[in-house]
Novice: 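After the structure tokens below, expect a handful of questions from me.
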Amino acid sequence: MNEQENTPTNFIRNIIDEDLKINKNNGRVVTRFPPEPNGYLHIGHAKSICLNFGIAKDYNGACHLRFDDTNPSKEETEYIDSIKEDVKWLGFDWGENIFYASGYFGQLYDFAVQLIKMDKAFVCSLSADEIRQQRGTLTEPGQESPYRNRSVEENLELFAKMRAGEFGNGAHVLRAKIDMTSGNLNMRDPVIYRIMHADHHRTGGQWCIYPMYDFAHCLSDAIEAITHSICTLEFEDHRPLYDWVLDTLQTEHHPQQIEFARLNLDFTVMSKRKLMQLVNDKLVSGWDDPRMLTVSGLRRRGYTPASIRNFCEQIGVGKRNSRIDMGILENAIRDDLNEIAPRVMGVLDPLKVIIDNYPEDQTEELEAQNHPQNPEMGSRLVPFSRELYIEQTDFMEEPPNKFFRLGPGREVRLRYGYFITCQSFEKDAKSGAITAIHCTYDPATKGGNAPDGRKVKGTIHWVSARHAVKAQIRLYDRLFEVENPEADKEKDFKEFINPHSLEVLDNCQLEPALTAAQPGDSFQFERQGYFCVETKDSTPEALIFNRTVTLRDSWARENKKG
RNA sequence: UGGGGCGUCGUCAAGCGGUAAGACACAGGCCUUUGACGCCUGCAUUCGUAGGUUCGAAUCCUACCGCCCCAGCCA
């Protein structure tokens, strides 16, 4: 499907439009997506990616991919690789503009020295606990550190020694000298450098002091001459510090920080920390478990890049804390797959049908459209024979009036096949389960049309038993049972995991054309939903499909209503 | 009791002083060899509340009310 040509506007685009009007930044627009490589990207990051790269694209600007790798104790190369893969897969291109905060460590160090020389920063030798105690509270001002008035010379010397590795972790920190009485806690002489004897995944053992976010981020933005630095709401309180650093250092560029509301989705959690817990506690199979709202999970589940981009466009960008309905995400993937997925027949829960008046050893090849709305996608031949499988749910012993499917004496159409009428059925005496049904077919209705013009209300899918390919199908449901797993203050979010979020069906019967399906290929199993070939576990000998999303089912809804 | 934000349909969200877009959801109807898709219709006399300014306010002013974020040597 086509993505909308004109992206809906939002307050950030309005700001940029205004900036352009007054020729701010000489008309340049440069954004950046700055992930910390400490986890996999999720749908919330996708929103930010679409926002930043989308703006760059629409304003003929650029969007930098910059890894905010200032904390070696949490970051790993594995995450860098996955992030790059995910951004690319989503359809965005950073071109030459890939950067690392760690690439600026030298410059950042020099900026810190400059701050010290301006008497705007000092080495503080208080412990972490002491600093916390002296920071004050939300309503009381903090106290100034006893080390606040060290001489510039002493600060310079101490900072050099910090860098040289003469002190252990935590012995000293470098703090900006701002205002311990500020109502904004971030301005109460924030720590901007800490000692951390740890190898960095990119700079190795070169450094044993690392800059804090508030110092590294704004300066990285300035170094790259970013024009609009878009981040989430919780950084609103940091903006004064962002501006303070750049103003005091009088950097050539001073990007504008703009905050927007992060994405929250119903029935899931959206923080890397919590997603990591699910992985580590083995509650899911990994970061790319198809139930995870990670980019890699969605990809494995069968979501397309276009569907995610459309979703991000539909939800908009604002400053309100909101919670988006899962239905919007599902609608986005249905919308895309409806256009592009070939149609195919597969029976998830098979029920044997014997067509008593069909010759025992006969087989026919019936033509089926790959996409009824798009004839260009062609057709295929589907084998038909005396014994078939239909969906267990397509037969009822005592069907209600509005049930359009099979029941004793009822006639239905087999899609692209024949009209069949149920004559009798076999039932397991003990369990009461229907084990097989006997039908007769009308040879005149081949292909699905009755020459006498008679109509049937129902059309059901089927598969020839003799020709069927057996496959495993994994059905997914929302990972959590409650709308907001994080809302309960008493209970841990993991207690709300939906025990039925994964259901594995091992006896599915598919039409033989599916043998040729390749990992990642998506199909619509008619009347069921969209499914894709599992990328990790499926083999040509043992096909495995993931259900991406069901089709809308107004019959099920009607039933629920009662 | 400090500082920073936010309050427009069930859920998102436009709107920027001229008389409430759109999307999803929902309800009806049409179409149908997918109870899918598609199509049509309906869906906020009202914008957290109360005042005020104005010919005119969701948009400006004032005061309340409610919700979110901040006390990492995390980002």
Side-chain angles (χ1 to χ4, degrees), chain A residues 8-11 14 34-36 38 68-71 73-75 124 126-129 131-133 135-142 169-175 181-188 190-196 210 212-214 216-217 231-240 259 261 266 272-273 313-325 327-332 334-335 338-339 343 345 368-369 372-373 402-405 413-417 419 445 447-449 455-461 524-529 550-558:
Chain A
T9 189
N10 58 55
F11 78 100
N14 291 157
E36 181 187 14
N38 68 345
D68 227 333
D69 54 350
T70 56
N71 185 353
S73 69
K74 293 184 172 181
E75 297 153 5
C124 182
L126 254 23
S127 70
D129 264 354
I131 288 181
R132 188 179 317 122
Q133 279 161 22
R135 184 151 30 223
T137 68
L138 294 181
T139 52
E140 302 157 32
N169 289 348
H172 308 278
V173 290
L174 185 70
R175 291 227 252 167
T181 68
S182 172
N184 182 344
L185 293 270
N186 295 120
M187 300 299 270
R188 321 242 261 228
V191 172
I192 56 176
Y193 257 97
R194 79 284 216 184
I195 297 171
M196 193 187 287
Y210 293 95
M212 300 284 291
Y213 167 86
D214 284 307
H217 198 90
C231 62
T232 42
L233 250 32
E234 67 270 26
F235 291 101
E236 221 150 16
D237 286 345
H238 294 247
R239 192 173 58 222
E259 310 84 10
D266 275 351
K272 275 191 276 188
R273 205 189 100 246
E313 198 159 276
Q314 284 165 21
I315 58 176
V317 179
K319 297 194 69 153
R320 289 176 234 179
N321 290 116
S322 56
R323 185 156 271 282
I324 273 81
D325 193 324
I328 298 191
L329 219 208
E330 294 181 347
N331 182 64
R334 282 196 192 102
D335 236 35
N338 177 45
E339 298 287 328
R343 263 108 250 232
M345 291 194 284
Q369 298 300 309
Q373 279 73 48
K402 281 160 73 183
F403 186 79
F404 303 151
R405 285 108 96 146
R413 169 168 40 233
L414 294 175
R415 173 138 246 227
Y416 301 121
F419 285 13
T445 57
N449 288 305
K455 303 282 185 204
V456 288
K457 207 57 167 125
T459 300
I460 65 176
H461 60 281
Q524 184 198 89
F525 288 10
E526 293 205 31
R527 303 207 308 133
Q528 292 287 346
T550 62
L551 249 32
R552 240 196 223 91
D553 188 349
S554 55
W555 165 245
R557 245 190 299 151
E558 185 72 25

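Numbers restart at 1 for each chain; the letters A, B, ... are given by sequence-line order, proteins then strands. Everything numeric in this text was worked out from a predicted model, so none of it was measured.
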Novice: Please state how far atom CD1 in Ile460(A) lies from atom C1' in rU32(B), giving the value in whole angstrom units.
Specialist: 17 Å

Novice: Name the stems that RNA chain B belongs to, where each is three or more consecutive Watson-Crick or G-U pairs with both distances under 3.5 Å?
Specialist: B:2-7 with B:65-70, B:10-12 with B:22-24, B:26-30 with B:38-42, B:48-52 with B:60-64

Novice: Is the closest basic N to carboxylate O distance between Lys319(A) and Glu259(A) below 4.0 Å?
Specialist: yes

Novice: With a non-hydrogen cut-off below 4.0 angstrom, is Lys402(A) in contact with a base, only sugar-phosphate, or nothing?
Specialist: base

Novice: Heavy atoms only, 4.0 Å cut-off, all strands: where does Asp266(A) land among base, sugar-phosphate and nothing?
Specialist: nothing

Novice: Report the residue (Arg239(A) or Ile324(A)) whose heavy-atom-nearest nucleotide on RNA chain B is the more 5′ of the two.
Specialist: Arg239(A)

Novice: When all nucleic acid strands are considered with a 4.0 Å heavy-atom cut-off, which category describes Phe419(A): base, sugar-phosphate, or nothing?
Specialist: nothing

Novice: From C-beta outward on Ser554(A), which listed nucleotide comes closest to its side chain: rC16(B), rC37(B), rG35(B)?
Specialist: rG35(B)

Novice: Any donor-acceptor pair, under 3.5 Å, between the side chain of Asn321(A) and the base of rC67(B), if you only look at N and O atoms?
Specialist: no

Novice: In whole angstrom, give me the gap between the P atoms of rA44(B) and rG10(B).
Specialist: 10 Å

Novice: Could you give the distance separating rA50(B) and rC43(B) at their P atoms, to the nearest angstrom?
Specialist: 25 Å

Novice: Evaluate side-chain contact (heavy atoms from CB on, under 4.5 Å) for Lys272(A) paired with Glu36(A), printing each intermediate quantity in order.
Specialist: CA-CA 10 Å; Lys272(A) 275 191 276 188; Glu36(A) 181 187 14; 4.2 Å; yes

Novice: What nucleotide among rU34(B), rA14(B), rA36(B) has an atom nearest to a side-chain atom of Asn10(A)?
Specialist: rA14(B)

Novice: Classify Gln524(A) by what it touches in the nucleic acid, base, sugar-phosphate, or nothing, heavy-atom distance under 4.0 Å.
Specialist: base

Novice: Check this for me: does the side-chain of Arg413(A) come within 3.5 Å of the base of rU34(B) through a donor and an acceptor?
Specialist: no

Novice: At less than 3.5 Å, do the side-chain atoms of Arg323(A) and the base atoms of rU11(B) form a donor-acceptor pair?
Specialist: no

Novice: Applying a 4.0 Å non-hydrogen cut-off, can you work out what Asn449(A) is touching in the nucleic acid: base, sugar-phosphate, or nothing?
Specialist: base

Novice: Taking CG from Asn331(A) and P from rG38(B), how many angstroms apart are they, rounded to a whole number?
Specialist: 9 Å

Novice: So which heavy atom on Val317(A) is nearest to which on Phe11(A), and how close?
Specialist: O-CD2, 3.9 Å

Novice: Using the P atoms only, state how far rG18(B) lies from rC26(B), rounded to an integer number of Å.
Specialist: 36 Å

Novice: The side chain of Gln314(A) is closest to which nucleotide in this list: rA13(B), rG35(B), rA23(B)?
Specialist: rA23(B)

Novice: Pick the nucleotide of RNA chain B nearest each of Gln373(A) and Gly448(A); which residue has the one closer to the 5' end?
Specialist: Gly448(A)

Novice: Measure from the side-chain heavy atoms of Arg552(A) and tell me the nearest of rA14(B), rG35(B), rA25(B).
Specialist: rA25(B)

Novice: Identify which nucleotide among rG35(B), rA14(B), rG5(B) has an atom closest to any side-chain atom of Arg320(A), counting heavy atoms from C-beta outward.
Specialist: rA14(B)

Novice: Counting the atoms with a prime plus P, OP1 and OP2 as sugar-phosphate, which does Ser182(A) contact under 4.0 Å by heavy atoms, base, sugar-phosphate, or nothing?
Specialist: nothing

Novice: Mind checking if Val456(A) touches a base, just sugar-phosphate, or nothing, with heavy atoms under 4.0 Å?
Specialist: nothing

Novice: With rounding to whole Å, what would you report as the distance between rC12(B) and rG48(B) at their P atoms?
Specialist: 15 Å

Novice: Using a 4.0 Å heavy-atom cut-off to protein, can you give one letter per nucleotide of nucleotides 69-75 of chain B, 5' to 3': B if the base is in contact, S if only the sugar-phosphate is, - if neither?
Specialist: BBBSBSB

Novice: Side chain of Glu236(A) only, please: which of rG4(B), rC24(B), rC6(B) is the nearest?
Specialist: rG4(B)

Novice: Check Thr445(A), Asn449(A), Thr459(A) against Arg413(A) for a side chain to side chain donor-acceptor pair (under 3.5 Å) and give me the one that passes.
Specialist: Thr459(A)

Novice: When you compare the side chain of Ile460(A) with that of Leu414(A), does any pair of heavy atoms fall below 4.5 Å?
Specialist: yes

